[in-house]
Amino acid sequence: MEGIADRVIRAAKLDPQVYEEVEADPRALNQAITVVIASGIAAGIGSIAQSGLAGLFFGTIIALIAWYVWAFITYYVGTKWLPEPQTHATHGELLRAIGFSSAPGLIRVLGVIPFLTNFVFIVSGIWMLAAMVIAVRQALDYKSTARAIGVCLIGWAINIAIIWIFALITRAAGAMT
C-alpha cells in the first residue's frame, strides 16, 4: 500500500493516476477516511473564529457524513442515470476516490488567518470540486470529463440540499431546548 502522504499530495496535484490507484485498492479506504477527517478538522480550525470548538467537532462529523452520502449519490447518478458503456464501479471505489478528492481541503486550516478565511475556503472549494471531477471520471471509467462534471454537479446539489435540511432540523432542535 502506497504511503498516504504521497497519495494526498498527488491527489491535491489532481493526478488522475492516484484516483485510479485508490479506486483499485480496497485497503485505501482507511486512508480515504483519514483524508476526509483531516480535511474536516482543517476546515474546523480554519473557521474556528466563526464556529468555535463545537464547529470543529460538528464540522468533522458533517464532513464524514457528507462524504459518504455524496459518494452514494455519485455512485447512483453515475452508474444508473449517466453511465457510459464502459462504466463499472462500486460504492466502495467511489468512497475511496472521493475521499481523496478532499485532499485540497487541508489548506482550509489557513482560514485561521482572519483576512484569509473567505479566500481560502473559496479556493479550496473550487480545488476540491476539480479533484472530485477527476476522481469521478476515473472511478466511473468515464471518457467524458463533461459527464463527470454533470455527475458531480447533480451530486453536489443533492448533497447540499441534504446538508441544508439537516442544518434546519439541528437548528430547530437547538431552538427547542
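Note that the structure is a prediction, hence the values are computed from the model and not measured. Numbers here simply count residues along the sequence, with the first being 1.
For D15, the salt bridge (charged side-chain N to carboxylate O under 4.0 Å, His left out) criterion is met by R10, not counting sequence neighbours. A search for side-chain hydrogen bond (donor to acceptor under 3.5 Å, both in side chains) contacts involving S102 returns nothing, not counting sequence neighbours. With sequence neighbours left out, I149 forms a side chain to side chain contact (heavy atoms under 4.5 Å, CB included) with V133, T145, L153. Scored by the side chain to side chain contact (heavy atoms under 4.5 Å, CB included) test, A66 finds N159, I163 as partners (sequence neighbours excluded). With sequence neighbours excluded, no residue forms a side-chain hydrogen bond (donor to acceptor under 3.5 Å, both in side chains) with E23. Judged as a side chain to side chain contact (heavy atoms under 4.5 Å, CB included), and not counting sequence neighbours, the contacts of I160 are W156. Residues passing the side chain to side chain contact (heavy atoms under 4.5 Å, CB included) test with K143, sequence neighbours excluded: E84, Q86.
Residue V36 comes nearest to G99 through the heavy atom pair CG2-CA, 3.7 Å, listed as atom of the first residue, atom of the second, then distance. The two residues A12 and A103 have their closest heavy-atom pair at N-CB, 4.1 Å. Of all heavy-atom pairs spanning S101 and A135, the tightest one is CB-CB, 4.2 Å. The shortest heavy-atom contact between G105 and A42 is O-CB, 3.8 Å. Among all heavy-atom pairs drawn from I98 and A71, the shortest one is CD1-CA, 3.7 Å. Closest heavy-atom contact between D141 and E20: OD1-OE2, 4.5 Å.
Sorted by first and then second residue, the side-chain hydrogen bond (donor to acceptor under 3.5 Å, both in side chains) pairs involving residues 109-130 (not counting sequence neighbours) form an empty list. Among residue pairs with one or both ends in residues 94-119, none qualify as salt bridge (charged side-chain N to carboxylate O under 4.0 Å, His left out); sequence neighbours excluded. For residues 78-125, the pairs satisfying ring-ring contact (aromatic ring centres under 6.0 Å, His included) are Y68-H91, F72-H91, Y76-W81, with sequence neighbours left out.
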CA sep, side-chain torsions, deciding dist, call: V22, Q138, side-chain contact (heavy atoms from CB on, under 4.5 Å): CA-CA 10 Å; V22 298; Q138 300 308 116; over 6 Å; no

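Atoms CZ and SG, on R137 and C152 in that order, are 10.5 Å from each other to the nearest 0.5 Å. Distance CZ/R7 to CD/Q31: 5.0 Å, rounded to 0.5 Å. I41 contributes atom CD1, which lies 5.0 Å from atom OG1 of T60 (distance to the nearest 0.5 angstrom). Here I154 contributes atom CD1 and T74 contributes atom OG1; the two are 9.5 Å apart, rounded to the nearest 0.5 Å. Taken to the nearest 0.5 Å, the CD1 atom of I162 stands 13.0 Å off from the CD1 atom of I62. The structure places CD1 of I134 at 4.0 Å from CG of L14, a figure rounded to the nearest 0.5 Å.
Side-chain heavy atoms closer than 4.5 Å link hydrophobic residues (I, L, V, M, F, W, Y) into clusters, and following such links, possibly through other members, connects I37 to I61. Both L95 and V77 are part of a single hydrophobic cluster, where members link through side-chain heavy atoms under 4.5 Å apart. Hydrophobic clustering, with ILVMFWY side chains joined whenever heavy atoms are under 4.5 angstrom apart, keeps M128 apart from W70. The cluster map of Ile, Leu, Val, Met, Phe, Trp and Tyr, joined by side-chain heavy atoms under 4.5 Å apart, puts I169 and W164 in the same cluster. L94 and L64 fall within a single hydrophobic cluster, where Ile, Leu, Val, Met, Phe, Trp and Tyr are joined by side-chain heavy atoms under 4.5 Å apart, directly or via other members.
Judged purely by atom type and a 3.5 angstrom limit, E93 uses its side chain to pair as donor or acceptor with the backbone of T90. With hydrogens and angles disregarded, a donor-acceptor distance shorter than 3.5 Å links the side chain of Y19 to the backbone of A11. Side-chain N or O atoms of T87 include one that pairs as donor or acceptor with a backbone N or O of L140 at under 3.5 Å. No donor-acceptor pair under 3.5 Å is formed between the side chain of S39 and the backbone N or O of V35.
Hydrophobic clustering, defined by side-chain heavy atoms of Ile, Leu, Val, Met, Phe, Trp and Tyr closer than 4.5 Å, groups I126 together with I122.
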Per-pair distances, 0.1 Å, donor-acceptor, side chain in residues 46-55, under 3.5 Å, sequence neighbours excluded:
{"from": "S47", "atom 1": "OG", "to": "A43", "atom 2": "O", "distance (Å)": "2.9"}
{"from": "S47", "atom 1": "OG", "to": "S51", "atom 2": "OG", "distance (Å)": "3.3"}
{"from": "S51", "atom 1": "OG", "to": "S47", "atom 2": "O", "distance (Å)": "2.9"}

